[in-house]
Amino acid sequence: MTKIDAEPQFWLMKSEPDVYGWDDLVEQKEGTWDGVRNHLAARNLRTMKQGDLAFFYHSNIGLEIVGIMKISKAGMTDPTDPDGKWAAVKVKPVKKLKRAITLKEIKATPELADMELLRQSRLSVSGVRPSEWDFILEMAKRKLPGTK
DNA sequence: GCCAACGTTGGC
DNA sequence: GCCAACGTTGGC
């Protein structure tokens, strides 16, 4: 039998924690990722499929990946857009990382130097390659080098 | 179709 | 608070 389901895709989504942070998502159990007004970010939102996984990144304050969420509903129209042209998705928290991975650490890691997060620093929704996803998960299992 | 001016995002 | 990197807008 042919397997139809594609591998899940990986993403990274930014939010300012004083506006909407990881804890807010956990409290709500499910959140709608809307208000994106950048075409490349919107294209990424439209590409997402239900079941895809995404890092939750705290921008502005924290500057770190704090948790993993799952796309619970894909292909939505942004409810905050009166013209109905922009895209949105729904997300559910999966788990918090054992420790947050900071932007500083990502920048210092050669394996992650090519991440879309770094190449397009202003992009609020970016893609993550499977190798990068796995690498970050491995990093989160270990302590920061140099700390005891 | 170019480009200057301006606005926004996000890191420092 | 500043500034770099983009995106958008509007005059020409």
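These numbers were taken from a predicted model, which means no experiment stands behind them.
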Could you tell me the separation between the CZ atom of Arg129(A) and the CG atom of Leu112(A), rounded to the nearest 0.5 Å?
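Reported value, rounded in 0.5 Å steps: 10.0 Å.
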Nearest-angstrom distance from the residue atom [atom1] of [X] to [atom2] of [N]:
| X | N | atom1 | atom2 | answer |
| --- | --- | --- | --- | --- |
| Leu40(A) | dG10(B) | CG | P | 13 Å |
| Met115(A) | dG10(B) | CE | C1' | 16 Å |
| Leu117(A) | dA5(C) | CG | P | 16 Å |
| His58(A) | dG10(B) | NE2 | P | 13 Å |
| Arg119(A) | dC6(C) | CZ | C1' | 14 Å |
| Asn60(A) | dT9(B) | CG | C1' | 8 Å |
| Ile61(A) | dC12(B) | CD1 | C1' | 14 Å |
| Leu123(A) | dT8(B) | CG | C1' | 14 Å |

Query raised in the report: Distance check: side-chain N/O of His39(A) vs OP1/OP2 of dT8(C), anything under 4.0 Å?
Result: yes
Ignoring backbone atoms, establish whether Tyr57(A) has a side-chain N or O less than 4.0 Å from OP1 or OP2 of dT9(B).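 Looking at the OP1 and OP2 atoms of dT9(B), neither is under 4.0 Å from any side-chain N or O of Tyr57(A).
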For a quick check under 3.5 Å, do Glu30(A) and Ser72(A) share a side-chain donor-acceptor pair by atom type? yes
Give a yes-or-no answer on whether the side chains of Thr80(A) and Asp78(A) include a donor-acceptor pair shorter than 3.5 Å.
-> yes
Problem set entry | Side chain of Arg122(A) - closest among dG11(B), dA5(C), dG7(C) |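 Nucleotide nearest to Arg122(A)'s side chain: dA5(C).
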Checklist entry - When the aromatic ring centroids of Phe56(A) and Trp33(A) are compared, is their separation below 6.0 Å? => result yes
Sugar-phosphate, base or nothing in reach of Lys107(A), heavy atoms under 4.0 Å: sugar-phosphate
